[in-house]
Amino acid sequence: MKLATWNVNSLTARLQHVLDWLAANPVDVLCLQELKMSDDKFPLEALKDAGYDSAVFGQKTYNGVAILSRAPVRDVLKNIGGFADDHSRVISGTVDTPAGALRIVNGYFVNGQAPDSEKFVYKMKWLDGLHDWLRQELAAHPNLVLLGDFNVAPEDRDSYDPVGLAGTIHHTPQERAHFNALLQLGLADSFRLFEQPPKSYSWWDYRMLGYQKNRGLRIDHVLVSQPLVPRVKSCVIDRVPRKWEKPSDHAPVIMELAP
DNA sequence: ATGCCGAGCTATGCTCGA
């Protein structure tokens, strides 16, 4: 089965791209971030017509996440357990597969703006909350996928300019320590289970011809729990929709799980 | 140092993203 994550930067603006992409890439699960719409605006019917049920945690203007799935999604949970948050950033759910129940945690991680900002303080607290909650979630759900827009470039090779951008947002040691703490829980970065092309990124700035110059960051990730690692067949970034007219600034990341 | 782009809002310039 295939699972994908895509920050669409407004589902209102990008619905047709999502439908076109799903028609060409009929994944089993697609996790979306930055819906930028309230639940009542979510295009449930259009996605149902495309073959997907949706679990939605929307928010007007900012944030908002959804799990689209060909199979029903059960036991849906919104936000991080035990962490009060005004933002709609995390939605979790379980899908039943031939190989057993699969827990999916879809996150739109805090951006953090700059290391000396209040938003960065919020990012650190949010990541602490996520980590503590995930430890329990992993105990309860051995087959777990954590995917989404992490807003962290985990290593220097995940940035187009690791030297010039050292210490700036997405590149700070604090953010990378939080990413590594997630790995320490027993999660693996599925993208790095395989040899990958150098300069592989999932986000490119709209400005200054970022995509055309491949000035990007790899900040969208698919992490899998240890029992799933032997079942991961591939993880690829699909840059095709980044070339479409009026694209999201993020590209989808697709992970394939056996059987 | 800032805007460079793009989206949303009750807007006609601002905030935010990354």
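Predicted model, so just to flag it, every value in this text is computed and none were measured. Letters go in sequence order (proteins before strands), and every chain restarts at 1.
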**Student:** What contact category does A:Thr168 fall into here, base, sugar-phosphate, or nothing, at under 4.0 angstrom with non-hydrogen atoms?
**Tutor:** nothing
**Student:** Could you walk me through whether A:Trp126 and A:Phe109 pass the ring pair (Phe, Tyr, Trp, His ring centres under 6.0 Å) check?
**Tutor:** CA-CA 8 Å; A:Trp126 192 94; A:Phe109 289 37; 4.9 Å; yes
**Student:** Figure out the CG/C1' separation between A:Leu11 and B:dA7, and round it to whole Å.
**Tutor:**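 Answer to the nearest Å: 13 Å.
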**Student:** Can you tell me how far C1' of B:dA7 sits from NZ of A:Lys60, to the nearest Å?
**Tutor:**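 Whole-Å distance recorded here is 13 Å.
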**Student:** Say we look at B:dG6 and B:dA1: how far apart would their P atoms be, to the nearest angstrom?
**Tutor:** 25 Å
**Student:** Do we see a donor-acceptor contact under 3.5 Å between the side chains of A:Trp203 and A:Asp220?
**Tutor:**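 No donor-acceptor contact under 3.5 Å links the two side chains.
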**Student:** In whole angstrom, give me the gap between the C1' atoms of B:dC4 and B:dC9.
**Tutor:**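 Pairwise C1' distance, B:dC4 against B:dC9, rounds to 22 Å.
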**Student:** Go through the structure and list residues passing ring pair (Phe, Tyr, Trp, His ring centres under 6.0 Å) with A:His141, not counting sequence neighbours.
**Tutor:**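 In terms of ring pair (Phe, Tyr, Trp, His ring centres under 6.0 Å), with neighbours along the sequence ignored, A:His141 is linked to no residue.
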**Student:** Students often get this wrong, so: under 4.0 angstrom with heavy atoms, is A:Arg215 touching a base, only sugar-phosphate, or nothing?
**Tutor:**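 No contact.
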**Student:** Could you check A:Arg242 against A:Asp249 for salt bridge (charged side-chain N to carboxylate O under 4.0 Å, His left out), going step by step and ending with a plain yes or no?
**Tutor:** CA-CA 7 Å; A:Arg242 188 61 177 79; A:Asp249 41 357; over 6 Å; no
**Student:** Pairs in or reaching into residues 144-163 of chain A: which pass salt bridge (charged side-chain N to carboxylate O under 4.0 Å, His left out), with residues at least two apart or in two chains?
**Tutor:**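 Output for this query lists A:Glu155-A:Arg157, A:Asp156-A:Arg176, A:Asp158-A:Arg192, A:Asp158-A:Arg218.
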**Student:** Would you measure the distance from the C1' atom in B:dG3 across to the matching atom in B:dG13 and give it in whole Å?
**Tutor:** 15 Å
**Student:** Using the P atom in both, what is the distance from B:dA18 to B:dC14, to the nearest Å?
**Tutor:**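 Result for the P pair: 22 Å, nearest Å.
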**Student:** Could you work out the separation of B:dT15 and B:dT10 based on their P atoms and round it to a whole Å?
**Tutor:** 15 Å
**Student:** Mind telling me whether A:Trp21 and A:Trp6 have parallel, tilted or perpendicular rings, with 30° and 60° as the class edges?
**Tutor:** tilted
**Student:** NZ of A:Lys41 versus P of B:dA7: gap in Å, rounded?
**Tutor:** 18 Å
**Student:** Below 3.5 Å is the cut-off: list the nitrogen or oxygen pairs between protein and nucleotides 15-18 of chain B, distance only.
**Tutor:**
{"unit_1": "B:dG17", "atom_1": "OP2", "unit_2": "A:Lys119", "atom_2": "NZ", "d": "3.4"}
{"unit_1": "B:dA18", "atom_1": "OP1", "unit_2": "A:Asn7", "atom_2": "ND2", "d": "3.4"}
{"unit_1": "B:dA18", "atom_1": "OP1", "unit_2": "A:Glu34", "atom_2": "OE2", "d": "2.8"}
{"unit_1": "B:dA18", "atom_1": "OP1", "unit_2": "A:Tyr108", "atom_2": "OH", "d": "3.4"}
{"unit_1": "B:dA18", "atom_1": "OP1", "unit_2": "A:Asp149", "atom_2": "OD2", "d": "3.4"}
{"unit_1": "B:dA18", "atom_1": "OP2", "unit_2": "A:Tyr108", "atom_2": "OH", "d": "2.9"}
{"unit_1": "B:dA18", "atom_1": "OP2", "unit_2": "A:Asn111", "atom_2": "ND2", "d": "3.2"}
{"unit_1": "B:dA18", "atom_1": "OP2", "unit_2": "A:Asn151", "atom_2": "ND2", "d": "3.0"}
{"unit_1": "B:dA18", "atom_1": "O5'", "unit_2": "A:Asn111", "atom_2": "ND2", "d": "3.3"}
{"unit_1": "B:dA18", "atom_1": "N9", "unit_2": "A:Asn111", "atom_2": "ND2", "d": "3.3"}
{"unit_1": "B:dA18", "atom_1": "N7", "unit_2": "A:Asn111", "atom_2": "OD1", "d": "3.2"}
{"unit_1": "B:dA18", "atom_1": "N7", "unit_2": "A:Asn111", "atom_2": "ND2", "d": "2.8"}

